[in-house]
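The structure presented is a predicted model; accordingly, all values stated were derived computationally and were not measured.
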Protein chains: 2
Amino acid sequence: MPKRVDHEARRTEIAEALWRIAGTRGLDGVSLREVAAEADISLGRLQHYFRTKDEMLLFALRHINSLAERRIRERLGAPAAGPDRGEDQDRGEDQDPDPEQGPGPSPRVVLRACLAGMLPLDEKSRVGALVGAAYFARAVHDERLCEEAREGIPRLAEFFAALLRGAQERGELAAGRALDPYTEAMLLISLVDGLTTYTLLGVQTGEEALARLDAHLERLFADAG
Amino acid sequence: MPKRVDHEARRTEIAEALWRIAGTRGLDGVSLREVAAEADISLGRLQHYFRTKDEMLLFALRHINSLAERRIRERLGAPAAGPDRGEDQDRGEDQDPDPEQGPGPSPRVVLRACLAGMLPLDEKSRVGALVGAAYFARAVHDERLCEEAREGIPRLAEFFAALLRGAQERGELAAGRALDPYTEAMLLISLVDGLTTYTLLGVQTGEEALARLDAHLERLFADAG
DNA sequence: CGCTATCCAATACAGTTGACTTGGAAAGTG
DNA sequence: CACTTTCCAAGTCAACTGTATTGGATAGCG
């Protein structure tokens, strides 16, 4: 056998080039030639690693999802089950007011960090959100991409629900009425998704989005007394 | 002068053909020829009414937005200021538990009707949401489309905020802490947007989305006592 | 050294795209 | 009846699309 190159590494390089383009021009305006140019390789080489465009798109989506998952996990020191996103993005920023602790930070802190991490607050996470939006638009008409979301989102919701249950047990949750953790988790995810949308559209600033998220969290965790 | 046809009517016909396609295939896969075929006219005729593709897209967006606004207004009997959407959709269904009343239905009922009307609960509103999603994906990279959202969404938020203020004055709002009507309005819009997203992706059913929206409303309007 | 499997650059190809041009039919006005 | 303006069908155009093919450079194995 000849040269033997690292296939996965090559595919990753190409996926990152795709990411760079999708963040600025969107996903549907992306041609194979453009991706090849951005990755600084020939079209022939790109086609050697991805026989079809859809194959490339799907690989790139899974790649950014796994990156997002890893980043969240690392940031939290793997406290419980693992989150994952089906089509949105996370990023790197945000404060961690209680980093040194025995059993890790409180559920509220973890939750807030995850959710804030999903908002487009800096350039990096903004590009991530743009790519996520591009994938969403495509997924709506693509059964295979839909399936990715149908797997990832419930997983993320379960993760959040577990955090909420933890807070509930500690009595940190506003519980005038008993609220359903999974429902609240999906509400949180939907909320962040919508906040991301309107931030990307320029309807609100990232700071406003974060403040609104905090307002919701504040109500959710309102001193139960 | 010759034939003199109703320009606006022709353009509307074309916009509706575009809508039909965008709801099934998305917006980026739509060519002028396809729209012309769907509208059962020649490409030449289409180009006579829209000199450029972007012109057609923008007109179609404004058209569906004005339709949505009119529908909401009619459903509510024009209680206050007028709502409008920048990129999502409403539809026709939902109950109106208190249709015959002097000053109209309560703020909560109006709010719930509007929000539920924005969710993709039947085929018609589902297509509307798909078109909205397609426009969102494009708007993110198109300054002109962005501008539409930057005008429409705050208008809708103001409308909702006014409803919330009305409820607040009646003492119908959960107000352990005083909550900011505009913030809550944007939270509601974002929430519905996210719920719409995940319903379109098949992560949840329309019924589940509605139940989750109701859970949020229930908490918002919790008996302030 | 051959040999062969891998890698990949170049090119070709059939199809589609948005925009433009041309030419003439229809119809109200003078 | 001209005449002019609106309307619009047909065709052209260059650009670009995803995919397929061809041919050869490279390098590990026998």
Practice item. Ignoring backbone atoms, establish whether A/Tyr49 has a side-chain N or O less than 4.0 Å from OP1 or OP2 of C/dC7. Key: no
**Study point:** Atom-to-atom span, CZ of A/Arg25 to P of D/dT17 - whole angstrom
**Key:** 10 Å
Review point. Roughly how many Å is it from CG in A/Asp40 to P in C/dA9, rounded to a whole number?
Key: 10 Å
Point to revise | From CA spacing to verdict: side chain to side chain contact (heavy atoms under 4.5 Å, CB included), B/Arg10, B/Glu13 | key: CA-CA 5 Å; B/Arg10 291 272 198 234; B/Glu13 281 174 27; 4.3 Å; yes
**Study point:** Angle between terminal axes - the helix from C/dC8-D/dG23 to C/dG30-D/dC1, 5 pairs each end, rounded to 10°
**Key:** 10°
Practice item. Please name all residues satisfying side chain to side chain donor-acceptor pair (under 3.5 Å) with B/His216, sequence neighbours left out, ordered by chain then number. Key: B/Arg219
Practice item. Please determine if B/Arg144 and B/Glu147 form a salt bridge, counting it only when a charged side-chain N lies under 4.0 Å from a carboxylate O. Key: no
Give the table of side-chain donor-acceptor pairs shorter than 3.5 Å for residues 200-208 of chain A, with sequence neighbours excluded, one pair per line with atom names and distance.
from     : atom 1 : to       : atom 2 : distance (Å)
A/Gln204 : OE1    : A/Arg212 : NH1    : 2.6
A/Gln204 : NE2    : A/Leu195 : O      : 3.0
A/Gln204 : NE2    : A/Thr199 : OG1    : 3.2
A/Thr205 : OG1    : A/Glu207 : N      : 3.4
A/Thr205 : OG1    : A/Glu208 : N      : 3.1
A/Glu208 : OE1    : A/Thr205 : N      : 2.8

Check your understanding: side-chain contact (heavy atoms from CB on, under 4.5 Å) with A/Asp180: which residues, sequence neighbours excluded?
Key -> A/Tyr182, A/Thr183
Review point. For C/dC7, does either OP1 or OP2 sit under 4.0 Å from a side-chain N or O belonging to A/His7?
Key: yes
Check residues 38-46 of chain B and write down every donor-acceptor pair under 3.5 Å in which the side-chain atom is one partner and the other belongs to a residue at least two apart or another chain.
from    : atom 1 : to      : atom 2 : distance (Å)
B/Glu38 : OE2    : B/Arg20 : NH1    : 2.6
B/Ser42 : OG     : B/Gly44 : N      : 3.4
B/Ser42 : OG     : B/Arg45 : N      : 3.1

Practice item. Could you state the atom-to-atom distance from CZ of A/Arg45 to C1' of D/dA25 in whole Å? Key: 14 Å
Review point. Is the closest basic N to carboxylate O distance between B/Arg138 and A/Asp28 below 4.0 Å?
Key: no
Practice item. Using atom CG of A/Leu46 as one end and atom P of D/dT17 as the other, report the distance to the nearest whole Å. Key: 13 Å
Review point. Taking protein heavy atoms under 4.0 Å as touching, what does nucleotides 18-24 of chain D look like 5' to 3' if B marks base contact, S marks sugar-phosphate-only contact and - marks none?
Key: BBB----
Check your understanding: Rounding to a whole Å, what distance do you find between A/Ile41:CD1 and C/dC7:C1'?
Key -> 12 Å
Revision key, fill the gap. A/Asp6 atom CG is separated from C/dC7 atom C1', nearest whole Å, by 14 Å
Check your understanding: Ion pair present between B/Arg165 and B/Glu158, side-chain N to carboxylate O less than 4.0 angstrom?
Key -> yes
Point to revise | Whole-Å gap separating P (D/dC7) and CZ (B/Phe50) | key: 14 Å
Check your understanding: Once you round it to whole Å, what is the distance between P of D/dC7 and CZ of B/Arg11?
Key -> 12 Å
Check your understanding: Is the closest side-chain heavy-atom distance between B/Asp6 and B/Thr12 below 4.5 Å?
Key -> no
